[in-house]
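As the structure is a prediction and not an experimental result, all values here were calculated from the model. In what follows, every chain begins at residue 1, and chains take the letters A, B, ... in the order their sequences are listed.
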Protein chains: 4
Amino acid sequence: MSKGNLLDAIIAQTKLTKKQTDKQQKIVETAIKLFAEKGYANTSTSEIAKAAMVAEGTIFRHYGTKDNLLLSVILPFIKDSIPTMAEEVFGEIMSKNIGCFEDFLRALLTNRIHFINENREIFQIVVKELLYSDELRKDLLPFFTKNILHQISKVINLYKKRGELIDIPSSTIQRMIFPLIGGYFVSRFVLQPDNLDLDEEAEIGNLIRFIMDGLRKE
Amino acid sequence: MSKGNLLDAIIAQTKLTKKQTDKQQKIVETAIKLFAEKGYANTSTSEIAKAAMVAEGTIFRHYGTKDNLLLSVILPFIKDSIPTMAEEVFGEIMSKNIGCFEDFLRALLTNRIHFINENREIFQIVVKELLYSDELRKDLLPFFTKNILHQISKVINLYKKRGELIDIPSSTIQRMIFPLIGGYFVSRFVLQPDNLDLDEEAEIGNLIRFIMDGLRKE
Amino acid sequence: MSKGNLLDAIIAQTKLTKKQTDKQQKIVETAIKLFAEKGYANTSTSEIAKAAMVAEGTIFRHYGTKDNLLLSVILPFIKDSIPTMAEEVFGEIMSKNIGCFEDFLRALLTNRIHFINENREIFQIVVKELLYSDELRKDLLPFFTKNILHQISKVINLYKKRGELIDIPSSTIQRMIFPLIGGYFVSRFVLQPDNLDLDEEAEIGNLIRFIMDGLRKE
Amino acid sequence: MSKGNLLDAIIAQTKLTKKQTDKQQKIVETAIKLFAEKGYANTSTSEIAKAAMVAEGTIFRHYGTKDNLLLSVILPFIKDSIPTMAEEVFGEIMSKNIGCFEDFLRALLTNRIHFINENREIFQIVVKELLYSDELRKDLLPFFTKNILHQISKVINLYKKRGELIDIPSSTIQRMIFPLIGGYFVSRFVLQPDNLDLDEEAEIGNLIRFIMDGLRKE
DNA sequence: TATGAATGAGACTTCATTCAT
DNA sequence: CATGAATGAAGTCTCATTCAT
């Protein structure tokens, strides 16, 4: 782990993604499933090989290292989750002059929930390893915050100027929203991965309502 | 893991807690430190033995199994964190007729932050393994929710009757508060375990303010 | 290794030497370089393939076996080093009625040093594997001694008859000269392969002087 | 290999030599036999384990690494072979005012031949790995030459002053004697390890005679 | 002819656990 | 109680070799 810079790793990784063999595809799929289920450290390469119906050597021919296999699983997800969010979501939202902060939040949450829902297992892996691995945490966390927080800051400041948000420092606001949304995702997609038949619309509505108005009556 | 029922394990564990040898004490201390630092799966018993300056055999003489050592570390914490909270905190708070919901929240948060702060490493272990280990999650999660949520429900209902809280279902409110507070704890004590010199008073203040009033101006 | 008789292998090898593809050429060159550098056992075929910019399969298409590739590298050298020496060198030298034993020695040494210098890497491989591989030693050593020693014997006997050499058994003389010259080559070309800028003329002079007169003063 | 300084390794190694278990003893013995026979790279730890009638894990419990096992075999030999020679042999010889250079040589050769004969297999290992492993060569060769050559220099100079040796530079003399003796040892103990029933007395006599007087008649 | 994906045997190593002392 | 040597199953990884393309 911690091959120096994660960004470099992402780029290198991308370049290596020539054509994926069928077996490669199968290996990654299986690895995702098992890592998500039992955690990286508790999943052996022989287990993966067996489940993917592939010789164990094949895994190492393509990924060289178990660590590398993990990265091959995680990095594309990171790559997609951050810049996409940064550009698509924020950019789109901001440029289209979406009305109030609530609308922005709703758009953001809906977008992210769909993304995570489609990559639920990888999200589970990332969360688990983020907590579990010192190395990964050191690599990924700054990368996350640097990219996301900066975007959020801009949005918050914009709406603060418009007078829609309370007048406390953006950093404080971030420290409130971030764990709330993060915690929501974690508890929904990682802690209770089976219990996924909620009414999404209503769920998001409640979340937004809570973020905006809190619990106090009136 | 998953030696049947966790509650049974707790009870059995309690009974076993006769007199702890010096060595036992040292073993548990060291295990806590290492599990918190590198995760259960990445910590070998020989490592623990070496760091505790104890023969590897000694660990197994007392705990029989590595899994068992983990439980011996986690269970007392769980045992303390749930019932204590249930009885001490809630009981105390409720009986003393503490005024508004805000005061209740402040008392609760302060109390829990201190508790976790004093057991920071074990908290890290519990969080990590909770996410990481399928088994543990299956055992602990229901136990958690059953005990805590029930108490919280009572409180929320009380304050809702008093008209201090918005009129949405308690379960919904829980689903908002829980991740927020949990996320706060996790991000503060697990994700950024070094960065612990915040202004606690102010931090709690912000948290409460956000919980109560959300982000909307006015 | 030890495909029966090495002589047969040499002959078979010779027959196989039809036309070498460019790739074949490249493979052998690369194998020589790598075997010399890191030893046969520590050089993988994939390494060779990569360095030769050839697919790994190509190596096996041509040489069938890694062992076989080693032989393809070694045998031509052996084939050249022995008979050439036997015929060219000895024959030439002897027939030309070269004067004294010293002159013969000088001619021999000069000739061999040039030959080894031009095939330094293969010489390194042969020496290393000769010591390292039981099999190869069993195959090559008798082959060497049989061919070389026989020639040397004739020469020594000739000069002994001429009264130029001391009167001890030829076999004893051989046991003296052989390690000296061999040791000289090994230490010069294998042990200190970088340090190759000696004054060759002087070096050979000293060697001969020592062989002829030893260390005693007067 | 190449744990920085070999001298340090020797010292560290010595300290680690607490009490050897029976199994440890067996492991080292077996390793010596197999390494000598087939070379380090061609001997697998499982082979050693099987031959030593020991679980493979036991090897690693004691030596941690295959490399380390090799060092555990080689270093005591080195440690004994160099200083012993330096102090015992040279010291003794020089101080006792042993008569002529021939006597010195005879004493030295006899001593070393006995030492190597008693450690024949380890000597084989050292020679083989010295040629085979770049790392080891870089570590050991300077160590060898520094310790041995310095001693030899003193002796040679002494006898040169006494007028017993020819008047050419000591370094040149060394470059003659060293390969001769080294080559003799290698060819006798490594190349033809089976053929060990020579008449040692006569053998040494011839060697000395050659070293002193060379091949020239008269 | 050349490729390179795939293989599986086997290499080195780790580790929880047992047991004689 | 405590020790630490011993174990062997299992883990990660390497590599010569095969084979369909």
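Sequence order on DNA chain E of the closest nucleotides to D:Gly64 and A:Ile59 puts A:Ile59 first from the 5' end. Between D:Glu56 and B:Thr58, the residue whose closest nucleotide on DNA chain F is further toward the 5' end is B:Thr58.
As rounded to whole Å, 16 Å separates atom C1' of E:dT14 from atom CG of D:Asn68. Across the protein-nucleic acid pair, A:Phe60 atom CZ and E:dC12 atom P stand 17 Å apart, rounded to whole Å. Distance, C:Ile48 CD1 to F:dT17 P: 11 Å, rounded to whole Å. Rounded to whole Å, the distance from NZ on C:Lys38 to P on F:dT14 is 12 Å. As a whole-Å value, the separation of D:Glu47 CD from E:dC12 C1' is 14 Å.
The side chain of B:Thr45 places an N or O atom within less than 4.0 Å of a non-bridging phosphate oxygen (OP1 or OP2) of E:dA16. For F:dA6, the OP1/OP2 oxygens have a side-chain nitrogen or oxygen of D:His62 closer than 4.0 Å. When the side-chain nitrogen and oxygen atoms of D:Ser44 are compared with OP1 and OP2 of E:dA11, one or more of them lie within a distance under 4.0 Å. For D:Thr21 and F:dA6, the shortest distance from a side-chain N or O to OP1 or OP2 is below 4.0 Å. Contact annotation: B:Ser46 does not reach the phosphate of E:dC15 (side-chain N/O to OP1 or OP2, under 4.0 Å). One finds no side-chain N or O of B:Arg61 lying less than 4.0 angstrom from the OP1 or OP2 phosphate oxygen of F:dA2.
Each of A:Ile32, A:Ile48, A:Ile74 was evaluated against A:Leu69; a single residue qualifies, A:Ile48, per the side-chain contact (heavy atoms from CB on, under 4.5 Å) test.
If you take CZ on A:Phe35 and CG on A:Asn42, they are separated by 10.5 Å, rounding to the nearest 0.5 Å. Taken to the nearest 0.5 Å, the CD atom of D:Glu29 stands 10.0 Å off from the CD atom of D:Glu121.
For B:Ala55, taking side-chain heavy atoms from C-beta onward, the closest of the listed nucleotides E:dA5, E:dT7, F:dG4 is F:dG4. Checking E:dT13, F:dT12, F:dT3 against every side-chain atom of A:Lys66, the shortest atom distance belongs to F:dT12.
In the displayed structure, A:Lys38 atom NZ is contacted under 6.0 Å by more than 12 heavy atoms of other residues, nucleotides or ligands.
Judged by Watson-Crick or G-U wobble contacts below 3.5 Å, the nucleotide E:dT21 has F:dA2 as its partner. Using Watson-Crick or G-U wobble geometry with both donor-acceptor distances under 3.5 Å, E:dA16 finds its partner in F:dT7.
A:Asp22 and A:Lys26 are not joined by a salt bridge, as no carboxylate oxygen comes within less than 4.0 angstrom of a charged side-chain nitrogen.
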